[in-house]
Amino acid sequence: MNFDMLLVFGLLAAAMVLFMTERIRMDVAAMLVLLALMLTGILTPDQALAGFADPVVLMIAGLLVVGSGLYQTGVAHAIGALLTRVAGDSEPRLIVVSMIAVALLSALMSSAGATAVLIPVIVSMAWRARISPARLLLPLAIGSLLGGLLTLIGTPPNLVVSGELVRHGLAPLSFFSFTPIGLATLGLGIVFMLTLGRRLLPQKTHSGGAYNDPESNVSLGELGETYDLPEDLMRVRVRASSPLVGMTLREAALRPRYHVNVLEVQHWPHRRAAPEEAHPVTPESHLEIDDILHVQGEPANVTQMAQEERLGLLSGGPDASLLFSDELGMVELLLPPRSQLLGRTLQENRFRDKYDVTVLSLKRGDKVLAPEESAATRLRFGDTLLVLGTWARIRLLQEERRNFVVVGLPKEMLEVQRTPAHALISGVIMVGMLALMTLEIMPAVTAVLLAAVAMVLTESLTMEQVYGAMNWQSLILLAGMLPLASALQATGGVTFIANALTASLGSMGPVTVMAGIFLLTALFSQFISNTATTVLMAPIAYQAAVTLGVAPQGFLVAVAVAASTAFAMPMATMSTTMVMAPGGYRIRDYVRIGL
């Protein structure tokens with residue numbers, strides 16, 4: 001073991017500690033590792049930066065765009081609704097249908113996206129069947145991860161292990177190479193959930209989320225009622241003597257000073273005529289004389305604001321249903337464990353300035369916090385926020401992956417974003433991409449990038465939605481960790497680990513060595529990104545297979561399968577995190593079923 005090898009092992013250990021403790025962001029940790037490899041001379045700058053041009057990274061970026069197009073045009077929702085029609089009121093049948101439906105979607109789009117699409121559908125099915133959503137949502141998350149094994153593009157680890165074969169001069173895995181393994185694994189997962197897993201599922205009497213409609217997706221009105229919203233809506237008029245005249249809402253700072261949210265404004269330039277139609281506000285909206293403001297807050301706070309700012313209180317607050325239209329709506333956000341918003345208040349996070357939406361309420365467990373309490377509360381994992389904004393802004397929120405997850409998707413938004421023409425076009429693009437990859441007419445990365453560009457050219461997605469679809473942290477993490485795998489190979493570290501595995505387990509046969517690699521990969525994937533885990537373990541698996549004199553494909557596929565078993569901890573993946581609140585799960589539920 002030489003000094004360079006020890007140095008690379010030290011960097012690997014440091015990266016693992018940083019990933020698990022999350023003292024700094026994982027993408028930043030990957031960049032620090034990359035810089036260390038360049039500064040120590042282990043890799044040249046060209047070698048260290050090669051990950052950013054790697055076909056796997058570009059292919060994952062393209063798939064994020066294609067998946068977003070399927071989501072935004074309503075194709076994914078239509079597929080989910082179609083598949084769930086076959087389910088009746090039987091709990092075993094509901095488990096099977098939910099796992100198959102999400103697995104089929106996960107084979108073509110991200111597991112997180114597939115889970116987000118089907119959560120409200122599955123919850124409404126549970127209530128209709130008079131069973132707890134907790135009986136279906138964890139099987140849904142597990143099915144989404146296993147579904148990624150059905151195709152080459154189902155999950156990034158599949159692409160990573162295929163790329164490992166290419167780097168050694170072997171043929172890449174085909175689009176359906178994983179399908180037999182994926183079908184077997186999914187079948188075993190379904191059988192387990194119908195037998196032992198079903199016994200371990202918790203019995204809950206209610207859902208932790210806002211999904212309480214027994215027939216369909218939650219509506220805007222029901223979201224408002226869940227958060228005690230309608231009683232807080234009032235109207236005020238800006239008098240000529242008000243000090244707010246000419247100010248922007250940012251300058252007025254009504255929320256931090258009075259705990260009152262301004263939702264909409266009606267300009268009234270000519271008092272003798274009717275006021276203009278209400279429209280959404282932004283932090284830069286100017287307040288003018290006689291403007292009518294639709295506000296939300298405790299009556300005492302609104303009254304205090306009206307007195308101190310010389311505003312006129314108008315009788316008859318606006319009906320909550322009138323605040324929402326084709327332009328304006330609201331949605332529920334769940335804070336995952338890796339969110340950068342945790343530990344700080346909404347004001348400290350500058351939430352409104354950053355996302356251009358208004359937080360109407362904060363819910364922690366079953367308790368809805370008062371506006372003044374919400375403003376001063378430090379956010380925690382599992383908190384849900386009810387936000388108001390334009391549908392365009394809410395669509396961008398849907399593409400957020402790290403800081404929050406859209407879970408309360410109202411049916412009004414589904415109606416707004418369902419465009420039959422664009423849905424047909426995006427569906428044709430998806431089928432064309434799959435055909436090009438299956439028939440191997442062109443390289444897979446070319447087919448994916450072609451489909452991504454087609455989504456934009458056909459206006460199935462805007463460029464803003466494309467950039468919003470990019471999970472930059474994952475892409476930079478992958479591009480930054482690929483050079484570490486190269487450094488392990490260049491310094492002999494991969495050979496050292498592979499030889500250690502084969503020396504300790506090789507006498508018991510290659511299947512035992514494969515089992516050891518599988519368990520090590522599965523363990524790492526519970527605490528760090530399954531993509532990063534695969535990047536590290538794929539070279540080791542390849543070298544172990546070569547040392548044992550067996551074909552490396554089986555060992556590499558084992559690594560990809562193991563990386564998709566990250567469901568023993570709620571923070572392991574976005575899919576397992578998303579079902580925690582609406583299912584009312586605890587960590588022990590994940591551990592006993594996931595293990």
Side-chain angles (χ1 to χ4, degrees), residues 67 76-129 131-151 154-155 158 178-204 207 211 407 522 530 560-568 570 572-580 582-585 589-590 592-595:
H77 289 278
I79 294 173
L82 178 64
L83 291 172
T84 53
R85 288 179 185 173
V86 301
D89 294 337
S90 166
E91 181 180 288
R93 186 183 300 175
L94 288 170
I95 290 175
V96 172
V97 168
S98 62
M99 292 185 72
I100 291 177
V102 75
L104 291 176
L105 283 180
S106 295
L108 304 175
M109 61 189 298
S110 73
S111 58
T115 305
V117 166
L118 288 181
I119 281 178
V121 176
I122 298 303
V123 171
S124 64
M125 289 169 57
W127 285 120
R128 187 167 57 246
I131 64 175
S132 168
R135 305 289 294 175
L136 301 180
L137 288 176
L138 196 50
L140 180 77
I142 292 173
S144 74
L145 295 172
L146 297 181
L149 295 170
L150 293 176
T151 64
T155 183
N158 298 356
F178 282 89
T179 304
I181 302 296
L183 288 173
T185 308
L186 177 62
L188 288 172
I190 292 174
V191 170
F192 171 79
M193 290 309 306
L194 289 177
T195 53
L196 179 60
R198 188 178 168 205
R199 297 178 184 177
L200 297 176
L201 285 169
Q203 292 284 357
K204 303 284 182 181
S207 168
Y211 306 102
V407 290
N530 59 357
V561 174
S564 294
T565 62
F567 33 69
T573 66
M574 290 303 297
S575 293
T576 52
T577 298
M578 279 190 285
V579 301
M580 188 174 189
Y585 297 115
D589 298 322
Y590 290 89
R592 63 184 183 179
I593 293 176
L595 288 180

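One is the number of the first residue; the rest follow in order along the sequence. Everything numeric here is computed off the predicted structure, so don't read it as measured data.
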Asker: Can you tell if the side chain of Phe567 reaches within under 4.5 Å of the side chain of Leu146, non-hydrogen atoms only?
Answerer: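 Result yes, sub-4.5 Å side-chain heavy-atom pair found.
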Asker: For Asn158 and Gly148, work out which heavy atoms get closest and say how close.
Answerer: ND2-O, 2.9 Å
Asker: Would you check if the side chain of Ser106 reaches a backbone N or O of Ser144 as a donor-acceptor pair within less than 3.5 Å?
Answerer: yes
Asker: Is the shortest side-chain heavy-atom distance between Tyr585 and Thr576 below 4.5 Å?
Answerer: no
Asker: Under the rule for side chain to side chain contact (heavy atoms under 4.5 Å, CB included), what residues qualify as partners of Ala566, not counting sequence neighbours?
Answerer: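 Side chain to side chain contact (heavy atoms under 4.5 Å, CB included) list for Ala566, sorted by chain: Ser525, Gln526, Ala572, Thr573.
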Asker: Go through the steps for Leu145 and Thr565 under the test side-chain contact (heavy atoms from CB on, under 4.5 Å), then give the verdict.
Answerer: CA-CA 7 Å; Leu145 295 172; Thr565 62; over 6 Å; no
Asker: Under the 3.5 angstrom rule, does the side chain of Thr179 hit a backbone N or O of Thr151 as a donor-acceptor pair?
Answerer: no
Asker: Any side-chain to backbone donor/acceptor pair from Asp589 onto Pro202? Under 3.5 Å, distance only.
Answerer: no
Asker: Partners of Ala563 by side chain to side chain contact (heavy atoms under 4.5 Å, CB included), sequence neighbours excluded?
Answerer: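 With neighbours one apart ignored, the set is Pro157, Thr521, Asn530, Thr534.
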Asker: Tell me the salt bridge (Lys or Arg N to Asp or Glu O under 4.0 Å) pairs involving residues 95-112, sequence neighbours left out?
Answerer: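 Passing the test, one end in residues 95-112: no pairs.
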Asker: For a 4.5 angstrom cut-off between non-hydrogen side-chain atoms, does Leu201 reach Pro139?
Answerer: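 Answer yes - side chains close enough.
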Asker: Distance from Leu150 atom CG to Ile181 atom CD1, nearest 0.5 Å?
Answerer: 11.5 Å
Asker: Would one find more than 12 heavy atoms of other residues, nucleotides or ligands at under 6.0 Å from atom CZ of Arg93?
Answerer: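 12 or below, so no.
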Asker: How close do Gly143 and Val102 get, heavy atom to heavy atom, and via which atoms?
Answerer: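 Taking every non-hydrogen atom into account, C-CG1, 3.5 Å.
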Asker: Could you go through residues 190-200 and list every donor-acceptor pair under 3.5 Å that involves a side-chain atom there, pairing it with any protein atom two or more places apart or in another chain?
Answerer:
from: Thr195; atom 1: OG1; to: Val191; atom 2: O; distance (Å): 2.8
from: Thr195; atom 1: OG1; to: Phe192; atom 2: O; distance (Å): 3.2
from: Arg198; atom 1: NE; to: Glu91; atom 2: OE2; distance (Å): 2.8

Asker: What residues, two or more places apart in sequence or in another chain, satisfy side chain to side chain contact (heavy atoms under 4.5 Å, CB included) together with Ser564?
Answerer: Leu149, Thr155
Asker: Does some side-chain heavy atom of Ile142 sit less than 4.5 Å from a side-chain heavy atom of Ile593?
Answerer: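 Contact flag for Ile593/Ile142 side chains = yes.
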